[in-house]
Amino acid sequence: MPRVVVDVVLKPEISDPQGQAVLGALGRLGHRGVTGVRQGKHFVLDVEGTPDEAELREIAENLLANPVIEDVELHLSGD
Amino acid sequence: MPRVVVDVVLKPEISDPQGQAVLGALGRLGHRGVTGVRQGKHFVLDVEGTPDEAELREIAENLLANPVIEDVELHLSGD
Amino acid sequence: MRIGVVTFPGSLDDVDAARAVRLAGGEVVPLWHADAELPAVDAVVLPGGFSYGDYLRAGAIAARQPLMRAVVDRAHAGMPVLGICNGFQVLCEAGLLPGALTRNSHLHFRNRDQALRVERADTAWTSSYAQGQTITVPVKNGEGRYVAADADLDRIEGEGRVVVRYAGGNPNGSSRDIAGVTSADGRVVGLMPHPEHAVEELTGPSVDGLGFFTSVLQGALSA
Amino acid sequence: MTVDTVTRAGETPDEEQPWRELGLRAEEYARIREILGRRPTTAELAMYSVMWSEHCSYKSSKVHLRTFGDLPKSEALLVGMGENAGVVDVGDGYAVTFKVESHNHPSYVEPYQGAATGVGGIVRDILTMGARPVAVMDSLRFGRADAPDTARVLPGVVAGVGGYGNCLGLPNIGGEILFDDCYLGNPLVNALCVGVMKHSDVRLAKAEGVGNKVVLFGARTGGDGIGGVSVLASETFDADGPAKRPSVQVGDPFTEKLLIEACLEIFAADLVTGIQDLGGAGLSCATSELAAAGSGGMRIDLETVPLRDSTLTAAEILMSESQERMCAIVEPAKVEEFLAVCAKWDVLATVIGEVTDGDRLLIDWHGERIVDVPPRTVAHDGPVYERPYSRPADLDALQADLPPVESTDLRADWLAVVGSPDGCDKSWVTEQYDRYVQGNTVLAQPEDAGLVRIDETSNRGIALALDGNARFARLDPYTGAQLNLAEAYRNVAVSGAVPLAVTNCLNFGSPEEPEVMWQFAEAVRGLADGCRALGLPVTGGNVSLYNQTGDVPINPTPVIGVLGVHADVRTRVGGGWRAAGETLLLLGDTRPEFGGSAWASVVHGHLGGLPPQLDLDAERALAELLAGLAADGAVTSAHDLSDGGLAQALTESALRYGVGATVRVEGDPTAALFAESVARAVVTTTDAAAVRAAAEAAGVPVTELGTTGGDALVVEGLVELPLTELRTTWTRTLPDLFGHPEDAVGAVPTGAVPTS
Ligand SMILES: Nc1ncnc2c1ncn2[C@@H]1O[C@H](COP(=O)(O)OP(=O)(O)O)[C@@H](O)[C@H]1O
Ligand SMILES: [Mg+2]
């Protein structure tokens, strides 16, 4: 597992002004088929040696994400 | 296809201070197994009606990303 | 001479840009982002701020507003356009200027009085300066790091498109100390520092910024 | 789930209700039942519980704050305490409103968003008065600068203050940033906003006119921050940190910017009869306060409130503290135009109810009545406690523990004081704030006061300073509060402005501790007495209690803001020396006063004795002198003496433009350099005789200190400090702790991974 992807998204109950702004822009540009946008962060980590899932989960959940307002998705498979 | 995911990453030749800062912090916290970090953006779009791949690609490549410095990955399958 | 100053939702320095135009002797025409038509103006200033909150990318959403299409068309026809800070970001996003502006290398917003070297004194917006002159104006941004692929930077430099460079320290990690660039015809200029905040002794670190506005006015007179 | 209607509440009087979980006490719950003559509905219970929380009802502090209302009437005061913010006449038909507010607990839980939404909240308070916000300031307290948690909290707070204020286009013109162990588990984030309007533009939070519409505008209502501010601000954190995490809110400064522009256009077109921001307690607060202030009642259809989360219950909607929302009362004929202005600015606006001729606040949910209350009982008739208070048992011992009085190494002490986290250069912080936007900032940090031009033609301006020395207040809260007032007053005066009015943010520990309550009562009494002596009104303020970790309260921290008016900002006076060969004069008297001083703290780790002696007559004389000198152009710089004494002031003035000085001091050198005696300032002039004459006429003592020039600070026979050495010591402290921005990357302190 040389490459790990972590997606960080705002918890559903937290407002997402960035996603709202993108949605508004899409509407004004005539892309009406998109009805919702949430914006998060996407991290690509290069990992060396034995992959330790617990450590990666710890990194993702407590460092890459702000656990107060964000959830994470860990994709160990790489891309 | 009600949900489309778009990941936007900096082109490899553009430096990524955010990823660098994360990497530095990880090192100081003792997570030495991570040898590289790149930070990008992660969009989750809700799409209604017929999915039009060309339109989504246009949105991803020309609005969600800046083609001068960024590459995009479009995941039509949703999550 | 009538100079349009555009207000986008989230524009902040539009009042300042307008004040600078007036102090330089120009007539200000306020422009609204949502209008499709560009009224009769001789030049346009895109001011600083956080248009659309700078959500997505700085300047990205503003660059795709109706009025910007008209501005792009007129710019291609030779109308002078100045983009300051967020306005510079808009011009890059709109494709009028090369390169892109990204998160500062130190990841902080930074506001300081900044020395700049004028590299081109022959654009529509810098003719009041002497080439090589050093001026001091405020810089204030969080996403002001000018970047492009190396080959593109070489081309930009080779074509003499760098208008101003940071001197005495680079505040944001911009490639090759680039603070501002111009279009091939020298009519469109974008820069991260804020000349409109250096137009009065009372409120600025200098009055060095006034030259940007007098340049375009004099250019129009002599044209 | 059945809706808990008013009818149902009447039919099920004995149903169990979670009043305790909502923070109410048994007698408070009983009182609600008594007011209503039945049990409250779930929605009513929600409203009463948030509105009767400490944060919203001031139930512990009210009896003391009344003292401010008893101050003599001030001619300048147009709107007094009790409104969202007080309004002061600053001449030429201009009115100014300003207020400082705390966001301490949210900033500990989530530093960036807590600080950001703190700025957002105070800006809406100012906007609500009808004013255009023109500047912000921030007063910050953190734990020891090298403590690991400070590395987590400080960068986030600073980025949050900057991130929100910068995006609104409000220049940050000053503040404070100080460190002490007592704030480690409880940082303080106090934000100030000031706004300007014409007299005729003053707006009040009042629901008048039967049939007028209630319009909610701004962001959608979500589930974030339900009970957030009020609950967070009304409880003590235990040593393990906060338990309540989800009440954090994410600020959206862009929406707030649009809200500001929309409101100003709405005010200009005279489209509202009353307006209120939504802050702590959200709609519960806005509806009950608007209705209580009016002559009639109000009826709301709660299901019309635009939601971000469709699963919210009625009670949650009423309690939600979602940011960036406002509520207006609009005449029916003006509703269309009102909505059009909002649409122009992309601001969502919805008619949610109307003003009625009854005297009740009625809230319906899909046609069923869920709230039927007298609005005053929610908004104003909350409990009032006369909490017991007693002088801290350790205070006598503390005051008897006298500080050292003699430096054994003046040079080392000097460098230690100016290089300490409290004394050092704050550019690391202030460079993250936009000071230039709007183009009217005449003075900002590192000047003693911020100064903003409010009229480009007449050059009229306003000055502001915020000061809150907590060591003095710990040693003697009565005097400490007055010393803070005196310092802010003096800071405004050195700029050449005339002090006019006072705001405050009182940060204390738990009011349930009698010793904390005593500190609070003493500080309020002190501030009131100080304002009376200086002839200044208190226009408003904020109280933040429960600032403690476990059972250890913070040092009492009354942060005092003083507003001044400057008739012609072109005559403003800055604090830096610009030229060599000018005469340096010290105004005021120095005594060997070291209690609570920076020198005793930094060099000796000592806190004890009494704070410096207060002298408000001397402050007044000094302020009047400074205003006169500025107006006459008689001085080229002025800097007040406070924390760190003369050594600190000389350092700051010299390093500003890199001009040194040679000075002589008389008497005890430790006192001369480090004492913190009040009512002092250093000025430079090219006409010493004129300044002397003016000072003598004003009864202000003058001492000639020396002459500016050279590239060192030389105190003859005592110390010589090259400016380069001083500069290195003064500037490196915060970057060494929190990262040198020059190091392109990887300079982020451990534990603070910046990913936003
Ligand atoms: N958090 C802050 N925000 C804005 N300005 C600040 C902040 N902290 C300090 N400053 C500015 O730095 C300068 C020095 O601060 P300080 O030593 O506390 O001033 P003073 O002694 O006049 O109270 C002042 O101009 C003050 O306004
Ligand atoms: Mg001061």
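Each chain gets a letter, A, B and so on, in the order its sequence line appears, and its residues count up from 1. Below, all heavy atoms of this structure are taken into account, side chains as well, without hydrogens, waters or symmetry copies.
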Engineer: Sort Glu196(C) into side chain, backbone, both or neither according to what part of it lies under 4.5 angstrom from a heavy atom of chain D.
Structural biologist: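 No part of Glu196(C) comes within 4.5 Å of chain D.
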Engineer: Show the nearest heavy-atom pair for residues Leu258(D) and Pro9(C), with the distance to one decimal.
Structural biologist: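 Answer, listing the atom of Leu258(D) first, then Pro9(C): CD2-CB, 3.6 Å.
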Engineer: Count the heavy atoms of every other residue, nucleotide or ligand shown that sit under 6.0 Å from CZ of Arg578(D), and state whether that count exceeds 12.
Structural biologist: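 No, the 6.0 Å shell around CZ holds no more than 12 heavy atoms from other groups.
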Engineer: Ignoring hydrogens, what is the shortest heavy-atom contact between Arg19(C) and Gln438(D)? Give both atom names and the distance.
Structural biologist: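 So the two residues come closest at NH2-O, 3.0 Å.
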Engineer: Starting at OG1 of Thr430(D), measure out to CZ of Arg110(C) and round the result to the nearest 0.5 Å.
Structural biologist: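 The CZ atom of Arg110(C) is 11.0 Å from OG1 of Thr430(D), to the nearest 0.5 Å.
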Engineer: On a heavy-atom basis, which atom in Gly53(C) and which in Cys167(D) lie closest, and how many Å separate them?
Structural biologist: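 Here Gly53(C) and Cys167(D) meet closest at CA-SG, 4.3 Å.
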Engineer: Test side chain to side chain contact (heavy atoms under 4.5 Å, CB included) on Lys140(C) and Asn166(D); report intermediate values, then the result.
Structural biologist: CA-CA 9 Å; Lys140(C) 46 166 209 180; Asn166(D) 295 345; over 6 Å; no
Engineer: Where is the tightest heavy-atom contact between Pro205(C) and Tyr436(D), given as atom of each residue plus distance?
Structural biologist: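 Heavy atoms only, the tightest pair is CD-OH, 3.6 Å.
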Engineer: Do you know the tightest heavy-atom contact between Leu202(C) and Arg570(D)?
Structural biologist: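 Nearest heavy atoms, Leu202(C) then Arg570(D): CD1-CA, 3.9 Å.
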Engineer: More than 12 heavy atoms of other residues, nucleotides or ligands under 6.0 Å from CZ of Arg656(D): is that the case?
Structural biologist: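 Yes.
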Engineer: Any heavy-atom pair between the side chains of Lys344(D) and Trp32(C) that's under 4.5 Å?
Structural biologist: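 The answer is yes; the side chains approach within 4.5 Å.
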Engineer: Enter the distance from Glu456(D):CD to Glu200(C):CD here, rounded to the nearest 0.5 Å.
Structural biologist: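 Here the interatomic distance stands at 6.0 Å.
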Engineer: To the closest 0.5 Å, what do you measure between OG (Ser51(C)) and NZ (Lys257(D))?
Structural biologist: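 Ser51(C) atom OG to Lys257(D) atom NZ measures 12.0 Å (nearest 0.5 Å).
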Engineer: Is it the side chain or the backbone of Asn459(D) that comes within 4.5 Å of chain C heavy atoms, both, or neither?
Structural biologist: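 Interface part for Asn459(D): side chain.
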Engineer: Supply the atom-to-atom distance His197(C) NE2 to Arg435(D) CZ, rounded to the nearest 0.5 angstrom.
Structural biologist: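 The NE2 atom of His197(C) sits 11.5 Å away from the CZ atom of Arg435(D).
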Engineer: Considering non-hydrogen atoms only, spot the tightest contact between Val442(D) and Thr203(C) and give its length.
Structural biologist: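 That closest heavy-atom pairing would be CG2-CG2, 4.4 Å.
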Engineer: Please name all residues satisfying ring pair (Phe, Tyr, Trp, His ring centres under 6.0 Å) with Phe142(D), sequence neighbours left out, ordered by chain then number.
Structural biologist: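 Checked Phe142(D) against ring pair (Phe, Tyr, Trp, His ring centres under 6.0 Å); zero matches.
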Engineer: Which region of Tyr55(C), side chain (C-beta onward) or backbone (N, CA, C, O), has a non-hydrogen atom less than 4.5 Å from a non-hydrogen atom of chain D, or is it both or neither?
Structural biologist: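 Just its side chain gets close to chain D.
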Engineer: Given a strict heavy-atom distance threshold of 4.5 Å, which part of Asn86(C) is in contact with chain D: side chain, backbone, both, or neither?
Structural biologist: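 It is neither, since no heavy atom gets under 4.5 Å.
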Engineer: Under a 4.5 Å heavy-atom cut-off, does chain C meet the side chain of Leu168(D), its backbone, both or neither?
Structural biologist: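 Backbone of Leu168(D) only, per the 4.5 Å heavy-atom cut-off to chain C.
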Engineer: By a 4.5 Å heavy-atom criterion (distance strictly below it), what part of Val158(D) contacts chain C: side chain, backbone, both, or neither?
Structural biologist: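 The answer is neither part of Val158(D).
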Engineer: So what's closer than 4.5 Å to chain C heavy atoms on Glu261(D): side chain, backbone, both or neither?
Structural biologist: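 Answer is neither: Glu261(D) stays 4.5 Å or more from chain C.
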